[in-house]
There are 4 protein chains.
Amino acid sequence: MSDVTGFFYPRTATGQSSLLPSPPWYYAGDLLTVEFRTDPARVAELLPAPLRPAAEDPGAVALIWADWQSCGGDHAEMLDPVRAQYKEAFFVVRCEFEGHTYSRCIYIWVDKDFAMLRGIHQGYPKKFGSIHMTRPHPFAPAPQVAAGGRFGATLAANDRRLAETIVTLTGPAERNGFVNGHPMAHHRWLPAIDGRGDAHAELIESTGAKFEGGQPWAARVDHLALFGSPTEELQRLEVKEIIGGYYRQIGVVWNGGRSLVPRL
Amino acid sequence: MSDVTGFFYPRTATGQSSLLPSPPWYYAGDLLTVEFRTDPARVAELLPAPLRPAAEDPGAVALIWADWQSCGGDHAEMLDPVRAQYKEAFFVVRCEFEGHTYSRCIYIWVDKDFAMLRGIHQGYPKKFGSIHMTRPHPFAPAPQVAAGGRFGATLAANDRRLAETIVTLTGPAERNGFVNGHPMAHHRWLPAIDGRGDAHAELIESTGAKFEGGQPWAARVDHLALFGSPTEELQRLEVKEIIGGYYRQIGVVWNGGRSLVPRL
Amino acid sequence: MSDVTGFFYPRTATGQSSLLPSPPWYYAGDLLTVEFRTDPARVAELLPAPLRPAAEDPGAVALIWADWQSCGGDHAEMLDPVRAQYKEAFFVVRCEFEGHTYSRCIYIWVDKDFAMLRGIHQGYPKKFGSIHMTRPHPFAPAPQVAAGGRFGATLAANDRRLAETIVTLTGPAERNGFVNGHPMAHHRWLPAIDGRGDAHAELIESTGAKFEGGQPWAARVDHLALFGSPTEELQRLEVKEIIGGYYRQIGVVWNGGRSLVPRL
Amino acid sequence: MSDVTGFFYPRTATGQSSLLPSPPWYYAGDLLTVEFRTDPARVAELLPAPLRPAAEDPGAVALIWADWQSCGGDHAEMLDPVRAQYKEAFFVVRCEFEGHTYSRCIYIWVDKDFAMLRGIHQGYPKKFGSIHMTRPHPFAPAPQVAAGGRFGATLAANDRRLAETIVTLTGPAERNGFVNGHPMAHHRWLPAIDGRGDAHAELIESTGAKFEGGQPWAARVDHLALFGSPTEELQRLEVKEIIGGYYRQIGVVWNGGRSLVPRL
């Protein structure tokens with residue numbers, strides 16, 4: 001019998017093969033956020049017990065595109081960038097638990113395996129998608145992170161476009177939206193191998209361990225569309241009203257969370 | 001508060017978004033297998049407690065490429081084939097637990113998200129890779145599943161080639177190798193969100209619920225190479241001796257397994 | 001000064017780097033064809049001089065999905081299948097030149113570079129796409145090439161689905177449709193480097209040098225959809241009437257063609 | 001008979017489908033350059049008549065990674081960024097023609113179809129590859145374009161890694177290397193459809209129509225490796241001596257070139 005090591009799959013004698021290093025994990029990237037209001041009932045139906053809808057603005061949704069470079073403690077991935085770079089698009093709502101307000105990711109698509117496995121750990125319901133965002137750059141025809149900068153972002157999965165937006169930066173903002181501004185409250189589920197319910201069901205809280213951020217920018221939302229797909233329900237989140245758009249460059253460290261309810 | 005449904009992530013009010021339907025899962029595909037012997041210590045070091053090395057031929061390893069189409073109970077994925085087709089390459093060894101012999105997948109790469117999430121459920125240590133296999137076809141220049149048919153197979157991840165083989169079918173065989181012929185014994189792990197060990201650690205057994213198979217073919221292994229990578233340990237499984245090559249077309253149903261040790 | 005060799009780009013001292021070997025090129029694959037009628041004016045507007053619309057059934061269009069393995073004369077690609085396998089989807093119409101009927105590819109998407117460069121040589125207007133086709137296989141849940149076999153096929157480009165079909169094989173057919181049954185008449189264009197017209201404009205004819213084919217199957221077209229995209233005009237080819245569906249496995253050798261009009 | 005329009009394939013009645021808009025084409029991106037000396041004979045053998053080796057430093061080679069966003073005159077691609085963003089890696093040498101020094105791309109890999117078709121127009125010998133570069137960003141763990149910034153870059157094709165480098169920025173430089181600093185002299189070839197030589201063979205010159213550039217940075221080359229592949233000859237360009245590394249952010253407009261020898 002042998003000891004195996006590694007943070008998550010695969011675990012080996014040396015740990016070298018593990019798809020994920022142990023946290024902390026380091027991220028730098030750009031966030032393009034569009035916030036809108038949908039029917040609060042559509043948000044509420046996505047909040048399993050013991051979560052409750054947020055008391056204020058319960059139909060608020062954030063759709064966020066992110067273009068990341070991330071790595072473990074030795075930063076090795078940064079110099080082999082196929083292992084560091086990924087993009088994601090995700091929908092966030094707010095909810096309440098024991099008197100606190102949480103953010104919660106209800107849908108998310110990423111484009112790398114390490115990001116998908118991190119999601120299993122963190123309770124993000126990750127699928128694979130194809131995600132694109134206009135990148136800021138000092139020279140035309142690229143936009144800059146400055147008033148007038150125009151950015152497009154798209155999401156596709158299974159060869160179908162699922163969402164797209166175009167925003168124009170208008171001026172500095174106090175914050176980068178409000179829907180994704182709380183600690184995350186996520187369920188971590190592992191279905192039982194015999195198909196009878198879950199072998200593990202836990203409610204966890206997690207938030208960044210360290211955060212740096214550039215100036216948030218407000219943006220006019222010129223275009224926002226959510227498309228149908230046999231494997232998605234985005235059109236159920238009908239856009240009733242645009243709240244606003246945002247753009248921000250950030251650096252984050254993630255170093256675990258804590259159980260709110262260890263066994264649901 | 002709301003009930004959400006869906007076999008695994010994401011769970012929603014309708015269940016439509018779930019990346020995986022509930023089992024049973026249906027598979028049809030081709031398996032190209034190369035079996036070889038490595039240092040038994042290299043196999044033993046990958047077997048965490050309570051597993052033990054197999055008593056017979058403890059250094060035997062199977063490297064298997066598979067080209068699959070798979071679906072859930074309504075077979076909808078088969079007609080939207082981007083959701084049905086995937087390929088994988090995986091290494092299997094044997095081990096013992098409570099007097100029974102099991103197969104165990106030690107490394108595996110797939111190329112679709114649904115396959116990766118099924119792996120989390122089944123305890124396969126899945127990563128993403130780029131997998132290619134020559135496909136049999138009735139007309140030249142393609143090989144047929146017949147004596148003289150030559151097939152190549154390759155595996156890459158993170159833009160590095162990890163493994164490749166070339167085999168030539170020689171004649172009918174009694175079976176499709178022996179290393180992957182037992183029920184699988186897999187650990188299902190979920191690291192604790194606070195980084196202190198595992199929130200869930202379970203030893204499970206699973207095997208096909210139903211199986212159809214064509215004639216197994218024996219193959220001469222003309223070429224087999226395992227390459228180095230900073231994120232893999234394949235060269236640790238040094239090929240001491242080729243056991244044999246195999247090719248078989250199969251249909252399988254998977255419908256769950258059972259816990260051997262519910263909490264390790 | 002040096003001699004360089006190689007069929008097409010790049011040309012080097014040894015020729016080893018050339019993306020394409022010299023013809024003949026060998027192909028084995030499956031064709032799923034849907035033929036339909038559109039407004040003949042929509043076909044005619046895609047036929048540049050000196051081509052004319054076909055006298056009979058001038059609105060007939062074939063939409064063909066193909067799943068190929070291909071190689072040069074030494075067949076090396078077949079054993080390194082990432083270099084052999086590709087898929088394509090293409091639209092074919094008929095036209096006339098000097099009293100002969102020709103087939104002509106008006107739109108085509110492929111998923112490998114060698115296929116794209118072959119298109120430049122052969123006058124196919126190739127773009128990159130993501131193409132999927134259900135594959136026949138001996139075991140369920142896959143269909144067989146037999147009555148009742150159901151096949152789906154999809155095409156996407158730039159993260160948008162462009163076309164999809166579902167067909168059910170009904171019985172043996174005499175031929176695999178008629179629209180793609182003639183020699184191809186293609187324009188080979190190379191725009192002038194100074195932007196003033198074309199440096200090269202040629203009308204060429206090409207056809208297979210050798211052909212093997214399995215039994216053609218007729219199919220009922222259960223579903224056919226062409227979607228909109230800012231970069232495509234497929235919806236301009238409105239489906240007025242389905243002619244039929246077809247499925248056939250073939251082997252082909254391509255070995256060049258001839259100029260019909262060397263300088264247009 | 002009909003007029004069709006569009007800069008290059010496909011040409012249609014409206015021109016909407018054309019993979020490329022007419023020039024000018026607009027680019028913004030980052031260049032990571034490593035210059036080295038190889039055996040001058042290895043450069044000379046890649047220079048077809050009427051080009052001659054450069055008189056000075058004839059073994060100098062630049063290996064350049066580029067991370068681009070590009071578009072046509074209406075900039076539409078910038079807001080649908082899957083159509084704007086691409087990466088490339090390419091090798092450049094110098095040569096002489098009629099008393100002038102030119103740069104010449106001898107090998108190049110890109111990751112989008114529009115970039116590949118532009119290459120056919122411009123005489124770049126493009127193949128498809130998987131290209132990655134560390135991206136500068138204001139926050140850790142990403143590097144900045146500043147002294148001490150470390151960047152990795154990799155190239156793979158056909159699931160094999162072909163080249164990789166790691167550089168550390170050391171300080172401002174006067175220029176971004178010298179090998180890629182001249183107008184490009186490229187052959188534009190189109191093989192004859194009957195396989196007898198070329199239907200078109202032309203020597204063209206092209207250079208940027210407009211250029212903006214940030215401060216060039218010099219870099220220490222910490223690592224440079226060129227790997228073997230059955231489809232490439234990079235190891236023939238043995239690295240005898242590192243000249244230097246460079247990093248620069250630029251904006252470029254390309255608007256055609258001119259024939260140096262219209263028919264070779």
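Chain naming here is simple, since letters A, B, ... match the order of the sequence lines and numbering starts at 1 in each.
If you measure heavy-atom distances from Ile108(A) to chain B, you find no contacts under 4.5 Å at all. Looking at Ile204(A), the atoms closer than 4.5 Å to chain B (heavy atoms on both sides) all sit in the side chain, from C-beta outward. Within the 4.5 angstrom heavy-atom criterion, atoms from both the backbone and the side chain of Pro230(A) approach chain B. Using a 4.5 Å cut-off between heavy atoms, Ser22(B) makes no contact with chain A at all. Both the backbone and the side chain of Phe7(B) come within less than 4.5 Å of a heavy atom in chain A. Contacts of Ser229(A) with chain B are made by backbone atoms alone, with heavy-atom separations under 4.5 Å and no side-chain atom involved. For Lys126(A), the part lying near chain B is the backbone, with the side chain staying farther off; criterion is any non-hydrogen pair under 4.5 Å. For a residue to count as touching a neighbouring chain, one of its non-hydrogen atoms must lie under 4.5 Å from one of that chain's; by this rule Trp109(A) does not touch chain B.
Less than 6.0 angstrom separates the ring centroid of Tyr9(A) from the ring centroid of Trp189(B). In this structure, Phe114(A) has its ring center at least 6.0 angstrom away from the ring center of Phe128(B).
Side-chain contact check for Thr12(B) and Glu45(A): no donor-acceptor pair (N or O, by modelled atom type) lies under 3.5 Å. With 3.5 Å as the limit, one finds no donor-acceptor pair spanning the side chains of Thr231(A) and Gln16(B).
Closest approach of Arg263(A) to Ala199(B), counting heavy atoms only: NH2-O, 3.4 Å. Scanning all heavy atoms of the two residues, the minimum distance from His121(A) to Ile193(B) falls at O-CD1, 3.6 Å. Residue Pro48(B) comes nearest to Val4(A) through the heavy atom pair CB-CG2, 3.7 Å, listed as atom of the first residue, atom of the second, then distance. Residue Ile120(A) comes nearest to Leu117(B) through the heavy atom pair CD1-CD1, 3.4 Å, listed as atom of the first residue, atom of the second, then distance. Between Pro191(B) and Arg11(A) the shortest heavy-atom distance is CG-NH2, 4.2 Å.
If you tally non-hydrogen atom pairs under 4.5 Å between each of Ile106(B), Val110(B), Thr14(B) and chain A, the highest count goes to Thr14(B). The residue among Asp194(A), Asp198(A), Asp159(A) with the most heavy atom pairs within less than 4.5 Å of chain B is Asp198(A).
The CZ atom of Arg188(B) lies 11.0 Å from the NE2 atom of His200(A); values are rounded to the nearest 0.5 Å.
Salt bridge present: Asp80(B) and Arg160(A) bring a charged side-chain N and a carboxylate O closer than 4.0 Å.
A donor-acceptor pair is defined here as one N or O able to donate and one able to accept, closer than 3.5 Å; such a pair exists between the side chain of Glu233(B) and the backbone of Ser17(A).
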